[in-house]
Number of protein chains: 2
Amino acid sequence: MLQIAYTCYTMDNTGAWNLEDKRQVGKMGGDRARKKEQTRRVLIDAAFQQLSAERSFASLSLREVTREAGIAPTSFYRHFQNMEALGLTLVDESGLTLRQLMRQARQRIESGGSAIRTSVETFMEFVSENENVFRLLLRERSGTSRDFRAAVAREIAFFSLELADYIDSVTQRGQEFSRVQADAMVILVFNAGAEALDMSKAQRKTLVEKTIRQLRMLDAGGAIYMKRSLNRGISGFANYRP
Amino acid sequence: MLQIAYTCYTMDNTGAWNLEDKRQVGKMGGDRARKKEQTRRVLIDAAFQQLSAERSFASLSLREVTREAGIAPTSFYRHFQNMEALGLTLVDESGLTLRQLMRQARQRIESGGSAIRTSVETFMEFVSENENVFRLLLRERSGTSRDFRAAVAREIAFFSLELADYIDSVTQRGQEFSRVQADAMVILVFNAGAEALDMSKAQRKTLVEKTIRQLRMLDAGGAIYMKRSLNRGISGFANYRP
DNA sequence: GGTTTAAGCGAACAGCTGTACTCTAATCTA
DNA sequence: TAGATTAGAGTACAGCTGTTCGCTTAAACC
C-alpha cells in the first residue's frame, strides 16, 4: 500500500484505484476528485462502447480504449491498474444493471402478471436493450480470467437467490429445494438470452414461448418431485427400463 | 477457385484447404499428400495443446501455434486459410468427440442404467477428461465469430436432437414436445459442465446430484405439463397471484 | 503565496503480430 | 529422366501492443 503525505491509495476488489483522504474530510469531491471520477467514467463508457458481437472485452487493447476515450494511453494507469481491473468494473456495473432489472420484473409480477411469463419477457427486453452488457457477462462467464468468471458467477448467484426466495415464499417447499429449481430456471433464461442475440425479432418471440414452456415444466415438475410421486405413475422417462 | 494443371484447390466449410485430384486417382495418398495430412494434424494438435483455462482460442496467435507445432509461421498457410479456419476445424473435431460420447452414454443406458444419471455422469466424465475440448465449445458458443457460434450451436443441436429422439421413443409425447424438453436438459447439463471446470472433485459430485435433480424435475414436469393438469392443483408458483 | 500533489501527455522502447515474397528440396507426372 | 508442382523455410516489413520515464500544468494544501 502506497502512502504519501495525506493521501492513501488502496485498491478495491475490482483493482481500481481509490483515493481515500485519511483525514476524513467531510466535503470530499473537490475539483480534482470530480474530474478524475469523470474521466474514469469516460474510460468505462469507451470500453462498453467498443463491445459488440464481433468484439469481446478480451480483444480490446488498452490503447483502443484510451483512443476511444480521447485520453493518452499512459493516463489509463491513473485510473486502473490494468485492463483486467477495468474489466472487473464493467462486470460489476453489468451485474448492477441486471439486479435493477430483477426489481423491475418483481414489480410487474406484484402488479398482477404471470410470474414466469413476466420474468422471461422482462429478461429478454433487457437482453435486447443491453446486448453488449449481456454479451460481456455471457462471455466472461467462461473467459480466461478466473476473477472474471467468479465475478459473473456471483452476479448470477444473486439473481438466482432472489428468484429462489420468491419461489419459496410462494410454494413453501424449503429454501434448499427452491435454490435448485431457481438455479435451473436462471440457467435456462440466461441461455435463451444468449440464443436470442443471433436471432431476428420473430425468432425471439418463438424462443420466449419455448423458454416459458421449459420453465413451466420445471415449475410443475418441482411440485411433483417434491411430493415424491415420481414412482407413482406420473413420471416421464427417468425410470424407464429398456 | 484456383485451378492449376492437374489439381484443384477448394475449401470446405471449415476453410481448410483440400487437395482434390481431378482425375480421381484411386490410390490417392501419395507420399506428399500423406505428409501434408500429417503436419496438418500437428497443427491441430498444437492448437488443442495450447488451450487451457487461461488461454482461449481467440488469444492464440498464428505464430504461437506454428511454434508449438515446430513449423515456420509462413507454412501455416499451406494448410489453413487463416486462424479462423483452424478454429472451425477444432470445433468440428470437438463436436465429433461429443457425439461419440453420446453413443457411449446410450450404450450404458441400454445395458440397464438410469437414463438421467447415466447421461449426466457420462457427460461429466467427458468434461473432466477433455477439459480443453469442452472449454473450446463453451467459449466459442458466445465468441466473436458468427461462424464459430453457428458451428457450436449445430453441435449442441445434434446432441439435443438425439436426446429428443430417445425421450420421444420412450414417452411418445410427440417430437415437438420432446425437443423442447431435451433442449432444456442439454442446456442444464452443458451448464453443469461449465461450472464443474472451476470445481474440486468433491464439489463436482454435489453438482452432479443437483443436476440430476433438475433433470428429474424437467422429466416429471414434462409428464404433468403434457397432461395439461397445470390448472388442476398440481402446480407450483406459475399460476400464483399475489 | 509558496509548496506539495497528482492527472495527463509525449517520446521512446522492446516485443509481438500477420503476411508478402523468394528460394529450396522433394515429390509427382508425363 | 526431364519438367512441373508444391510443402516448407527464411527474410523482411509495417503495424500494433503494454509500459517506463520525465515533463507540464492545475488543483489542493499549509
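On a predicted model such as this, the values are computed, not experimentally measured, just so you know. Scope of the values below: all heavy atoms of this structure, side chains included, with no hydrogens, waters or symmetry mates. A, B, ... follow the sequence lines: proteins, then strands. Residue 1 opens every chain.
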Can you tell which of [options] lies closest to the side chain of [X]?
{"X": "B/Ala72", "options": "D/dA7, C/dT19, D/dA9", "result": "D/dA9"}
{"X": "A/Arg32", "options": "C/dT27, C/dT17, C/dA7", "result": "C/dA7"}
{"X": "B/His79", "options": "D/dT19, D/dG8, D/dT17", "result": "D/dG8"}
{"X": "A/Arg78", "options": "D/dT20, D/dA9, C/dC9", "result": "C/dC9"}

For [N], does OP1 or OP2 lie under 4.0 Å from any side-chain N or O of [X]?
{"X": "B/Thr74", "N": "C/dA20", "result": "no"}
{"X": "B/Arg34", "N": "C/dA26", "result": "no"}
{"X": "B/Ser75", "N": "D/dA7", "result": "no"}
{"X": "B/Lys35", "N": "D/dA7", "result": "no"}

Quiz item: Is the A/Phe48-A/Phe57 ring centre distance short of 6.0 angstrom?
Solution: no

Output the rounded distance in Å from [atom1] ([X]) to [atom2] ([N]).
{"X": "A/Met83", "N": "D/dT19", "atom1": "CE", "atom2": "P", "value": "10 Å"}
{"X": "A/Lys36", "N": "D/dA27", "atom1": "NZ", "atom2": "C1'", "value": "14 Å"}
{"X": "A/Phe80", "N": "D/dG18", "atom1": "CZ", "atom2": "P", "value": "15 Å"}
{"X": "A/Asn82", "N": "D/dG18", "atom1": "CG", "atom2": "P", "value": "11 Å"}
{"X": "B/Leu62", "N": "C/dG18", "atom1": "CG", "atom2": "P", "value": "5 Å"}
{"X": "A/Phe76", "N": "C/dC9", "atom1": "CZ", "atom2": "P", "value": "14 Å"}
{"X": "A/Arg40", "N": "C/dA7", "atom1": "CZ", "atom2": "P", "value": "13 Å"}
{"X": "B/Ile71", "N": "C/dT19", "atom1": "CD1", "atom2": "C1'", "value": "17 Å"}

Exercise. Report which part of the nucleic acid B/Glu64 touches: base, sugar-phosphate, or nothing (heavy-atom distance under 4.0 Å, all strands).
Key: sugar-phosphate

Quiz item: Do other residues, nucleotides or ligands put more than 12 heavy atoms under 6.0 Å from A/Gln175 CD?
Solution: yes

Quiz item: Parallel under 30°, tilted from 30 to 60°, perpendicular over 60°: which one fits the rings of A/Phe190 and A/Phe134?
Solution: tilted

Quiz item: Using 4.0 Å as the upper bound for N to carboxylate O, is an ion pair formed by A/Glu195 and B/Arg141?
Solution: no

Practice problem: With rounding to the nearest 0.5 Å, note down the distance linking CZ in B/Arg135 to CG in B/Leu51. | Solution: 9.0 Å

Practice problem: Would you mind telling me which residue lines up with the more 5' stretch of DNA chain C, A/Thr39 or A/Arg63, judged by nearest nucleotide? | Solution: A/Thr39

